[in-house]
Amino acid sequence: MLQQTQVDTVIPYFGRFLERFPDVYALASAPQDDVLKQWEGLGYYSRARNLHKAAQQVVDIHDGVLPTAYKDLQTLPGIGPYAAAAIASIAYEVPVPVVDGNVLRVFARFWGLDTDIRLPSIRQDIFDRLMPVVATQTPSVFNQAIMELGALICTPKKPQCGICPIQSDCVAYATDQTETLPVKAKAKPVPHYVIGVGLIRYRGRVLIAKRNESGMLGGLWELPGGKQNADEAIETTVTREILEETGLEVTIVRPLCVIKHAYTHFKITMHTYLCDAPHDRALAKSSTEVQWVLLSDLDNYAFPTATHKVFGAISWDSLFDVVAS
Ligand code: SF4
């Protein structure tokens, strides 16, 4: 949960998650929808799907016990070199360095490395340099100390070199490069997409679609719709996308809301329209499943944050009257 997410955000999720899944067996045997529902709002849903699959592998292949070796940990879904190093060293004292963004910055400065820290090669370089160092230390203490040093003292801007315990051997400090190292290439501008979706009603129910597992937000439910094409009216986007996704030729009733949302690699503006369906024979053409649900049952499904923003922006009372009639 802590990958890409702050501790304060994670704490309530962590408590609820452990209450619902108190051990690896409970998690392994739970339906994926339950796992995603517990994760709802935390983002990066592939973490939840991978954790679920990893629990199943731990039960099926490792007799319910997490492997301890750095390489073995990486055979589990969702555990890459970074997480494997963190788990192996902090939980089991395996001598392997943890190289996160903080550690990269600290050692790019400490050793005076001027390679772009966005390049994968520098991560490997620092990992290789630290391997013999961590072997002479208590791995859990060493790794956490360096991560903490990066978070609190060797910060991205204005590092506090005056109180830094490794200042005497730091190349960046000695050569007055603490403000210019590490070298980091400029990120590409974040693309922006306009999305049109429909709250499609038919006889007191609305249509939701389940996203494909393999893609972003996989396994979550959403309102059918998609990206606006160049020079396309947004209403056309809504009806075209719904037809492509579900086979339904809907009629637009009225606009409901416009929300904005930012993901890591792009931003969206989402227009939501109230639509009427001619019948309820919707198909799951580009999703894994579609369902007609009562508004009162929407809470039983896991939705991405952007869809929750839409739900929060809609005046449900008047809509419910219309939908239920
Ligand atoms: S001396 Fe300054 S730049 Fe060098 S590691 Fe310490 S805080 Fe970072």
Side-chain angles (χ1 to χ4, degrees), residues 1-11 13-14 42-44 47 68-71 73-74 78-190 262-265:
M1 285 181 180
L2 286 168
Q3 287 175 347
Q4 313 268 348
T5 308
Q6 292 182 341
V7 176
D8 286 350
T9 310
V10 162
I11 286 171
Y13 280 92
F14 185 71
L42 203 50
Y44 301 101
R47 295 180 301 179
T68 58
Y70 176 60
K71 287 273 178 248
L73 280 163
Q74 290 180 63
I79 301 189
Y82 169 73
I87 296 167
S89 66
I90 296 172
Y92 305 117
E93 299 295 355
V94 176
V96 59
V98 176
V99 184
D100 70 356
N102 285 329
V103 176
L104 273 178
R105 180 173 61 256
V106 170
F107 285 104
R109 284 173 175 160
F110 184 76
W111 284 315
L113 308 175
D114 59 4
T115 313
D116 177 4
I117 58 162
R118 287 186 192 278
L119 296 174
S121 59
I122 192 168
R123 197 171 284 267
Q124 187 62 47
D125 180 24
I126 288 178
F127 181 92
D128 294 342
R129 287 169 183 247
L130 287 175
M131 200 65 179
V133 181
V134 77
T136 66
Q137 306 289 324
T138 306
S140 62
V141 174
F142 178 82
N143 283 332
Q144 291 183 86
I146 299 298
M147 287 192 273
E148 213 58 7
L149 182 76
L152 302 178
I153 294 177
C154 194
T155 45
K157 293 203 173 111
K158 299 201 186 340
Q160 300 181 61
C161 304
I163 55 165
C164 176
I166 57 173
Q167 181 220 77
S168 57
D169 294 315
C170 176
V171 173
Y173 181 74
T175 56
D176 200 16
Q177 295 186 84
T178 58
E179 297 289 336
T180 51
L181 291 178
V183 174
K184 197 171 183 182
K186 272 214 159 54
K188 288 185 193 138
V190 179
Y263 295 97
T264 325
H265 301 298

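In each ligand, atom 1 is the first atom listed, and ligand 1 is the first ligand listed.
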- Message: Set out, in order, the CA-CA distance, both residues' side-chain angles and the distance that settles side chain to side chain donor-acceptor pair (under 3.5 Å) for Tyr92 and Ser140, then state yes or no.
- Response: CA-CA 8 Å; Tyr92 305 117; Ser140 62; over 6 Å; no

Suppose we measure from [atom] to each protein heavy atom; which comes out shortest, and what is that distance?
atom: atom 2 (Fe) of ligand 1; answer: Cys161 SG, 2.4 Å
atom: atom 4 (Fe) of ligand 1; answer: Cys170 SG, 2.3 Å
atom: atom 6 (Fe) of ligand 1; answer: Cys164 SG, 2.3 Å
atom: atom 8 (Fe) of ligand 1; answer: Cys154 SG, 2.4 Å

- Message: Quick one about Tyr70 and Ser89 (side-chain donor to acceptor, distance below 3.5 Å, no hydrogens or angles considered), yes or no?
- Response: no

- Item | Flag for Thr155-Arg105: side-chain donor and acceptor within less than 3.5 Å |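 Side-chain D/A pair, Arg105 to Thr155: absent.
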
- Item | Per-atom contacts, ligand 1 versus Thr178 - under 4.0 Å to a heavy atom |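 Atoms satisfying the 4.0 Å criterion: 3 (S).
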
- Proximal ligand 1 atoms for Gln167, defined as those under 4.0 Å from one of its heavy atoms: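 Selected atoms, number and element: 1 (S).
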
- Query: Can you tell me if Thr180 uses its side chain to pair, donor with acceptor, with the backbone of Gln177 under 3.5 Å?
  - Reply: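 Indeed, once roles are kept as given, a pair shorter than 3.5 Å links the two residues.
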
- Message: If I take atom CG from residue Leu149 and atom CE from residue Met147, how far apart are they, to the nearest 0.5 angstrom?
- Response: 11.5 Å

